[in-house]
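Here is how names work: the chains are called A, B, and so on, in the same order as the sequence lines, proteins then strands, and each is numbered from 1.
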2 protein chains.
Amino acid sequence: MKPVTLKEIAEQLNISVTTVSKALKDYPDISKKTKALVKELALTLNYRPNAFAVNLRTKESKTVGLIIPEIVHHFFSSVIKGIIAQAEKKGYLVIILQSNESYEMEKKQIQLLLSQRVDGILISLANGTADYNHLTDVIAQDKPLVMFDKIAKIVKCSKVIIDDRKAAYAATQHLIDTGCKRIAHFRGALLPQNSIDRFLGYKKALLDNNMLYDPSLVYICECGDNSFEEGKMNARQLLKDHNDVDGIFINTDLVAIGAITEFNEQGVKIPEDISIVGFSNWFMSSVISPTLTTIDQPGYQMGKAAFKQLYKEMQQLKNKEPIVYESIVLKTELVKRQSTKEILLGEV
Amino acid sequence: MKPVTLKEIAEQLNISVTTVSKALKDYPDISKKTKALVKELALTLNYRPNAFAVNLRTKESKTVGLIIPEIVHHFFSSVIKGIIAQAEKKGYLVIILQSNESYEMEKKQIQLLLSQRVDGILISLANGTADYNHLTDVIAQDKPLVMFDKIAKIVKCSKVIIDDRKAAYAATQHLIDTGCKRIAHFRGALLPQNSIDRFLGYKKALLDNNMLYDPSLVYICECGDNSFEEGKMNARQLLKDHNDVDGIFINTDLVAIGAITEFNEQGVKIPEDISIVGFSNWFMSSVISPTLTTIDQPGYQMGKAAFKQLYKEMQQLKNKEPIVYESIVLKTELVKRQSTKEILLGEV
DNA sequence: GTGGTTTTCGAAAACGTTTTCGTTTACGAG
DNA sequence: CTCGTAAACGAAAACGTTTTCGAAAACCAC
């Protein structure tokens with residue numbers, strides 16, 4: 001059972017392929033009668049245009065590529081969902097690739113997407129990515145590229161992000177407002193922009209409040225997988241190193257949950273002994289005990305916004321307009337829960 | 001900067017397109033010298049074959065479609081990861097569509113994938129899907145189709161599943177072995193095969209142990225979203241209806257976690273007052289307090305196995321061999337944690 | 001009946017490959 | 001020098017569309 005082609009329809013109706021094609025696309029120079037005939041037969045034969053042929057002609061694939069560091073991840077899977085939902089609305093399909101936080105992978109995958117002739121590419125960078133030639137290649141080919149969440153500031157293209165620095169500042173400020181005097185920070189890996197910005201927000205909040213910034217309170221983990229285990233390890237280390245810390249701002253909810261678990265096991269009371277603020281607002285954070293105060297990071301919204309921007313650029317390209325890059329900053333919000341104390345009114 | 005074509009390479013070298021194509025594919029009737037020349041130029045020009053043109057000629061897209069009810073879901077995102085990983089190994093790309101548990105969506109998406117001429121389709125059914133014509137259509141077109149997890153037993157195609165019934169039996173048996181005398185079941189929606197099978201396993205375990213099967217202890221939720229809220233609601237209802245229940249086997253971890261939260265809030269002690277077994281082994285289950293005893297459902301493995309089977313069928317199709325359907329059943333495992341008591345030796 | 005316009009249709013080229021089947025050239029054997 | 005063969009290359013068709021341009025047919029006004 002081979003798929004039906006225009007040619008077969010044409011032969012059955014004794015007209016030309018051209019006429020069939022035009023009839024299906026409602027060209028004005030085809031009579032109503034012929035159109036009706038063609039459309040009816042196309043329907044009964046269940047005709048579907050061959051996407052390859054269409055793409056070859058029109059040079060449009062109606063397909064975009066998405067490269068993401070990790071799929072099994074609440075935030076990223078929310079982003080994926082947002083992207084797919086928005087793409088579907090506009091009639092686009094999404095090819096998803098996972099870089100596994102590897103720069104080499106990322107490079108290969110970009111090449112793969114380019115040779116697939118996708119109309120545009122959405123990407124959230126791997127932690128290890130420090131060289132951006134593969135990205136500028138895309139832009140040089142006039143292919144729309146939108147980065148989201150884990151971006152490279154240097155690369156000239158549209159970006160959809162949150163203000164990590166501001167959010168981290170708010171998180172740290174909240175620890176201060178609730179009475180914490182000595183605040184540590186688990187920052188995860190060294191490299192990614194998010195880590196840097198969140199760290200800077202943390203630091204600035206301390207300084208703005210005339211508190212000491214102590215580098216030994218910043219825990220780096222070069223394993224770089226933002227894992228549960230990382231949280232446990234860091235928490236253990238913190239208890240050994242510093243017995244005076246009464247608050248921690250943690251880079252990622254998952255790490256925060258690891259820390260909470262470790263503290264629970266060691267009998268450290270949260271938030272009485274140590275207050276904790278996480279980052280991302282995974283679902284899990286509302287379920288763990290104590291529930292985790294955190295920064296809500298709108299993944300679904302980010303996915304939608306990223307595709308919308310990509311779509312806009314694809315349209316601009318089609319209309320031979322110049323592509324204008326935009327940086328879209330999405331709102332975050334502090335979600336107060338049990339892992340931090342009540343705000344002390346009047347004291348601060 | 002338009003992509004390089006065979007023609008351009010040919011013109012630069014003053015040879016024919018044919019020769020270029022053959023040289024790149026190492027045809028034996030091209031001299032070594034020419035091959036070297038062509039390959040070198042192709043490399044420096046960064047030539048990438050136009051996928052559309054290749055597909056149009058060869059009728060192979062090296063692309064498969066994946067339809068899944070929900071992306072933001074630990075189990076499903078694990079499956080996606082497994083599928084993508086395996087597909088990449090074999091040089092295939094994956095287009096992901098989300099049905100949102102809607103039958104209508106599912107139908108449309110199948111059509112979309114067919115008109116995109118994907119080489120095969122992987123699908124996990126929406127809860128609402130009860131009519132399978134869209135699936136038999138795919139098979140009738142000789143397009144390989146593999147169903148996983150949420151399947152329709154009636155449809156003749158390959159399937160990758162776990163033995164829900166056996167796993168549910170094991171879960172229930174574990175409650176019995178740890179001393180539970182009156183065991184309830186939260187089964188979620190009525191329709192999907194998984195729910196049915198898990199229910200049957202629960203029931204059989206009761207009967208095999210000479211325990212009463214009481215339909216009023218089976219909680220159905222037609223909201224069908226397997227949600228946290230569903231778990232809370234059911235738990236609340238259970239406390240009202242039956243004060244003698246001392247164990248619950250719950251269809252899904254997320255619902256179980258909802259129930260645990262509700263019980264925690266109401267001061268019901270787990271496992272002393274009520275023991276709970278969930279299903280899926282989400283990461284969250286190892287983190288909630290008390291940690292949740294559950295059935296481990298190997299999502300990543302399932303994804304890999306599903307793509308492998310699809311790949312096998314695509315090869316069979318290519319080689320004009322008959323396609324042989326297989327039903328692959330993956331192993332599950334009971335993960336014992338704090339939400340159930342220790343096994344009473346010698347008592348049962 | 002003529003000229004012009006409108007309506008309706010089709011031929012053909014193009015998109016970039018792959019592959020079949022010739023054709024040309026070179027070469028060695030007789 | 002001729003013939004046969006092998007090596008190296010190319011012309012052309014095909015995949016299924018879309019779109020440009022021209023042609024035929026039909027209609028209208030005079």
Within the 3.5 Å criterion, strictly below it, is a donor on B:Ser61 or B:Asp119 matched to an acceptor on the partner's side chain? yes
Looking at B:Lys39 and B:Asp26, is there a salt bridge between them, counting it only when a charged N and a carboxylate O are closer than 4.0 Å? yes
With respect to B:Pro69, which candidate in B:Glu101, B:Met105, B:Gln98 satisfies the side-chain contact (heavy atoms from CB on, under 4.5 Å) definition? B:Glu101
With DNA chain D as reference, determine whether B:Thr34 or A:Leu56 sits nearer its 5' end, using the nearest nucleotide of each. B:Thr34
Quick one: pull up CG in B:Asn127 and CD in B:Glu70 and give me the separation to the nearest 0.5 Å. 11.0 Å
Check the orientation of B:Phe76 and B:His73. Use parallel for under 30°, tilted for 30 to 60°, and perpendicular for over 60°. tilted
Rounded to whole Å, please give me the gap between CG in B:Asn14 and C1' in D:dC9. 13 Å
Please state how far atom CG in A:Asp26 lies from atom C1' in C:dT8, giving the value in whole angstrom units. 15 Å
Between atom NZ in A:Lys59 and atom C1' in C:dG16, what is the gap in whole Å? 8 Å
In 5'-to-3' order, the base (B), backbone-only (S) or no-contact (-) status of each nucleotide in nucleotides 17-27 of chain C, using a 4.0 angstrom heavy-atom cut-off, is BBBBB------
Rounded interatomic separation in angstrom, taking CD1 from B:Ile30 and C1' from D:dA7: 10 Å
Between A:Gln116 (CD) and C:dG16 (C1'), how many Å, whole number? 15 Å
Determine whether the side chains of A:Ser158 and A:Glu313 contain a donor N or O and an acceptor N or O closer than 3.5 Å. yes
Could you tell me whether the phosphate oxygens of D:dA7, OP1 or OP2, come under 4.0 Å of any side-chain nitrogen or oxygen in B:Ser31? no
Under 4.0 Å from OP1 or OP2 of D:dC9: is there any side-chain N or O of B:Thr19 that close? no
